[in-house]
Amino acid sequence: MQLIIKNGHILDPGNIDGTGDIIVDDGVISAVKRNAAPGAQAEKKSDVRVIDATGWVVVPGLIDMHVHLRDPGQEYKESIETGLRAAVAGGFTAVCCMPNTCPVNDNRQITEYIIHTAEKCHLARVYPVGTISRGLAGKELSDYGELKAAGAIAVSDDGMPVADSQLMRRALEYAGGVGLKVISHCEDPYLSDGAMNEGAMATRMGLAGIPNAAESIIVMRELALAELTGIPVHIAHVSTRQSVHAIRDAKQRGVPATAETAPHYFTLTEQAVGEYDTRAKMNPPLRSEKDRAAVRRGLSDGVLDVIATDHAPHSILEKEVEFDRAANGIIGLETALSLGLRLVTEKVLSLEGLIEKMAKNPARILGLTREITPGAPANLTLIDPDALYTYDAEKGFSKSSNSPFHGWEMKGRAAMTVVDGCVVYEQN
Amino acid sequence: MAWNRKDILDIDSLSVSEITSILDTADGLKEISQRSIKKVPTLRGKTVILFFYEPSTRTRVSFDIAAKRLSADSISISAATSSVVKGETLIDTARNLESMNPDVIVMRHSSSGAPYLLSRHITTPIINAGDGAHAHPTQALLDMMTVREYKKDLTGLEIAIVGDIAHSRVARSDIAGFTKMGARVRISGPPTMIPAGIESLGADVVHDFDEAVTEADVIMMLRIQKERQQQYLFPSEREYAGRYGLNMQRLAKAKPDALIMHPGPLNRGVEISPAVADHVNSVILTQVTNGVALRMALLYLVAGGMRNAVDY
Ligand SMILES: [Zn+2]
């Protein structure tokens, strides 16, 4: 099977930036031809598909290193298949799924179930994340060696903050030895008992507030532990300016750390909560304009390495309820690229910079390959940067529709997603 | 003026003229409760559901009496007796209630914003009888009614509200109401109980209690809840009473005719000393009396009863 992607704007940051053709044979990039003369043909094969990518940008396949697929256990919110359909529709060729499923992914069986189920879907690749602590209980380490052998790529107690600093220290050390990445959901549970960002708006609405310090205090702890152990830590979903400052400072001192933020933190503020709109309820909460600005600055100056969605599907059972009882989280796989492209329009990031945050850096952090070069696996996202559309959360591929971006006018989206040489999604 | 507001969810959404209209109506209805036959036919044939998701005796009884004095049929539903305990969602419960064609739903809920959720899903008028720490508009209106009764005009009055502002829906609605009507509101209490950004509601924060009550026209003391001690909000009731309790020495700093108010129930000896609670300037029981008239006024306006209820 041969795939020829013709006349696209090929953009692989640090490697290639120009018009040309990509030829894929049996899932692997076999040739990249810059400024191919019109009419010039690759050697003709019978089993060949030619894609006209004129006007599109062809980039290394996007990776979302923070999603919740809810499977096993909460398939009424999302299944591995629907989550991956949403992923490829959003241009993602791979996702890392967080372990807070039912049962939690702290063992070989669940990890293997996720990988096997995903393989049968023939959509995006899934790299499961195991738990830091057995049962997400925060008491003892999970079996990292077993998780790694089963195919897990990282560990995280996402959603259940690790309160015990000694546990986090040992997790870094032990996971470092096994070769698993540690991803920290930074939240001090003693400070975070609230429903939205702490401040005038929460006060007016009579909702308990979550201060910025609930996040940054643990960000600073993780940075100190990374410094102590020399093992890199990855900070999940940064939402506050204090966290950005702390990570910037630590990186300047050479502390081994990377960090991600989510599209909602660089796009929205707490104002989106409006009149108790649970679609804008998440953890960490949407913050103030100052925080949003600091997150955007952190993206542009490289303090924040990655844009990840924290795709968190919930049904109306969890969302059409009292605000303080509503579940945290929003879906994000199908809006992330469009929201990222807004950063390009707003000159926060260059297009190159965006591809670094959504493909190159996640690949580097996770030890994966995302290169547009002969011999590399053909994981590619074809972006139509001019596509105009209105986002309708109800019509998405995800089983859930809990998005504050419902009804937004968007510009730019994935036109086609290629995983290991197979076209797994085409926008029509 | 013609009344065309469906719900009473908070004070913020009410205009000055609407508030004045409510208070005037309540003033007129107050007399009914002093008759020997305390009942007028104004809301005959109307149904009022008292939907109380959070335990409450005083507010529920006040609404119940208000409805009955206007001849409405009132039904109480509490969380313990409703389908809530069977796992039904708030919206499903509300839709079920609406299917019985009530004319007004009076709602109390422990979650801030719950009445907004309800009003998005049902068309029956809703009166918010208190939601979480967010709003208690009927309490603020009866407080304004009471102050207006004694001071004639709210403009320019100095109102001190003291206590656990962070957890108080009464404080939020009082700040909104009194400032909207031209009074100045100072709030005081332990810094642990003063929520972030409260100034944005229009109140001045005066941490020193003695300073806060100085030259005040009204002192509103809030109930302190013992459970807050476990949340590190104050060390002990004894220390609280010493630093933030209203006693006779502190009262002396206020204007001689300062009104002493409290939304109840009182913790005598904690936030208010017995002597102050029973002081000649205490209007705490007048608040309760006015509460019935004020709630009659709201039921009358919202349920669209017969015209000129005041003539009955
Ligand atoms: Zn998380």
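Only this structure's heavy atoms are used, side chains among them; waters, hydrogens and symmetry mates stay out. The model shown is predicted, which means the values in this text are computed figures rather than measured ones. Labels below follow one simple rule: chain letters A, B, ... track the order of the sequence lines, proteins then strands, and each chain is numbered from 1.
Interface residues of residues 110-128 of chain B toward chain A, defined by a heavy-atom distance below 4.5 Å and sorted by number: Ser110(B), Ser111(B), Ser112(B), Gly113(B), Ala114(B), Tyr116(B), Leu117(B), Arg120(B), His121(B). Taking non-hydrogen atoms and a 4.5 Å limit, the residue list of residues 197-217 of chain A in contact with chain B, ordered by number, reads Glu198(A), Gly199(A), Ala200(A), Thr203(A), Arg204(A), Met205(A), Gly206(A), Leu207(A).
Screening residues 159-172 of chain B for salt bridge (Lys or Arg N to Asp or Glu O under 4.0 Å) gives Glu54(B)-Arg169(B), Asp164(B)-Arg228(B) as the qualifying pairs, with residues at least two apart or on separate chains.
For Arg223(B), the CZ atom counts as densely surrounded, since its 6.0 Å shell holds more than 12 non-hydrogen atoms of other residues, nucleotides or ligands. Annotation: Lys290(A), atom NZ; neighbour count of heavy atoms from other residues, nucleotides and ligands within 6.0 Å does not exceed 12. Within 6.0 Å of the CD1 atom in Ile316(A), the count of heavy atoms belonging to other residues, nucleotides or ligands does not exceed 12. The environment of Asp12(B) atom CG is dense: over 12 non-hydrogen atoms of other residues, nucleotides or ligands sit within 6.0 angstrom.
Contacts between Ile198(B) and chain A at a heavy-atom distance below 4.5 Å involve backbone atoms as well as side-chain atoms.
Scored by the ring-ring contact (aromatic ring centres under 6.0 Å, His included) test, Phe405(A) finds Trp408(A) as partners (sequence neighbours excluded).
Rounding to the nearest 0.5 angstrom, the gap separating the CD atom in Glu322(A) from the OG1 atom in Thr89(B) is 8.0 Å. Atom CG of residue Asp131(B) and atom CZ of residue Phe323(A) lie 13.5 Å apart, to the nearest 0.5 angstrom.
Minimum heavy-atom separation, Glu320(A) to Ile91(B): O-CD1, 3.3 Å.
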